[in-house]
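What follows is a set of notes on a single structure, which appears directly below.
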Number of protein chains: 2
Amino acid sequence: MSGSEIRRTMPLFPIGIVMQLTDLTARQIRYYEEHQLISPARTEGNRRMFSLNDIDLLLEIKDLIDQGVNLAGIKQLFAVKEKEVVTEEMEKEAKKVRRELSDDELRRILRAEMMQAGRFNRSSLRQGDMSRFFKS
Amino acid sequence: MSGSEIRRTMPLFPIGIVMQLTDLTARQIRYYEEHQLISPARTEGNRRMFSLNDIDLLLEIKDLIDQGVNLAGIKQLFAVKEKEVVTEEMEKEAKKVRRELSDDELRRILRAEMMQAGRFNRSSLRQGDMSRFFKS
DNA sequence: AAAATCATGTAATATAACCTAACATCTGTT
DNA sequence: AACAGATGTTAGGTTATATTACATGATTTT
């Protein structure tokens with residue numbers, strides 16, 4: 001969290017740069033947002049700011065569009081992938097928890113969590129793809 | 001060199017983002033440019049666009065400023081560092097050349113070059129030779 | 001075939017972000 | 001006190017992006 005680490009979820013790029021990086025038009029990018037394939041952050045002044053992850057998504061969208069998939073299809077694909085990621089995370093977390101907690105502690109906590117009936121926050125475990133973009 | 005690779009020298013960030021990333025004010029950033037500590041690219045519309053390298057430089061500048069070094073000092077430090085980089089590259093290149101050429105080839109080439117030394121304009125020859133030391 | 005839908009283009013208008021330049025302020029040095 | 005270095009502030013101008021509405025070509029549905 002110190003000053004200069006660039007996270008892949010950090011909103012860094014204005015739409016103009018994203019256009020260059022992805023070869024999409026502003027119209028397309030906004031359209032994909034409108035249809036909830038991406039959700040870039042906004043500045044105070046309401047400008048969209050895109051993260052490296054957003055750019056990754058846009059590149060995937062572009063690929064799929066080029067392959068003839070329509071937006072609804074892309075949305076489904078993303079949903080599946082998201083689910084995969086989430087279950088991976090849950091498994092990882094479960095493993096960790098099993099390592100750290102005894103069984104009855106676990107039962108106690110699970111009960112408490114069910115009472116609370118909240119949804120979990122999906123944190124960002126979405127790394128890897130982008131490393132190929134950095135050349136040195 | 002395909003569309004979407006992100007190089008460290010690629011101009012990506014507008015000044016607003018650089019402010020956040022470096023904790024410098026726009027005034028400071030422009031001032032450092034004015035004094036040639038950085039030279040960010042410009043868009044068609046004359047906006048500054050900064051690369052990851054630029055940001056690194058700005059962070060170094062900030063560190064040095066915080067340590068009490070003034071801009072003249074920073075400029076000197078950067079010059080020294082640049083010189084180091086260049087000599088490193090020259091050494092690397094020299095090593096490569098030595099690997100690639102046998103001794104007598106080397107002697108032959110040297111002799112040929114000395115014969116020609118007077119005839120053509122030396123400085124431009126030397127410049128041509130140097131060009132391969134710079135990576136862009 | 002006509003109508004509807006999808007993906008994108010284009011135009012109009014508003015405003016946020018950036019530009020340069022000038023002047024102001026603070027601090028440390030001569 | 002006067003000066004130079006570094007930064008803040010303000011003003012007026014330009015560029016990039018925002019939203020909205022309408023247009024268009026390609027598919028899909030009726």
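Sequence lines set the chain letters: A, B, ... in the order given, protein chains first and strands last, and positions in each chain run from 1. Values reported hereafter were calculated over all heavy atoms of this structure, with side chains retained and with hydrogens, waters and symmetry mates removed.
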Can you list every ring-ring contact (aromatic ring centres under 6.0 Å, His included) pair that touches residues 25-51 of chain A, not counting sequence neighbours? A:Tyr31-A:His35
Hey, is the main chain of A:Ile17 close enough, under 3.5 Å, to the side chain of A:Gln20 for a donor-acceptor pair? no
Which residues satisfy the salt bridge (charged side-chain N to carboxylate O under 4.0 Å, His left out) test with B:Arg42, sequence neighbours excluded? B:Glu33
Test of understanding: with side chain to side chain contact (heavy atoms under 4.5 Å, CB included), list the residues that count as partners of B:Thr87, not counting sequence neighbours. none
Please list, chain by chain and in numerical order, all residues satisfying side chain to side chain contact (heavy atoms under 4.5 Å, CB included) with B:Gln36, sequence neighbours excluded. none
Nucleotide by nucleotide, nucleotides 3-22 of chain C touches protein heavy atoms under 4.0 Å in the pattern (B base, S sugar-phosphate only, - none) ---SBBBB----BBBBSB--
Mark up nucleotides 25-30 of chain C, 5' to 3', with B wherever a protein heavy atom is under 4.0 angstrom from a base atom, S wherever such an atom reaches only the sugar-phosphate, and - elsewhere. ------
Could you pull out all residues at least two apart from A:Glu84 that satisfy side chain to side chain contact (heavy atoms under 4.5 Å, CB included)? A:Val80, A:Lys81
Got a sec, which residues hit side chain to side chain contact (heavy atoms under 4.5 Å, CB included) with B:Asn53, two or more places apart in sequence or on another chain? B:Arg8, B:Thr9, B:Ser51, B:Asp56
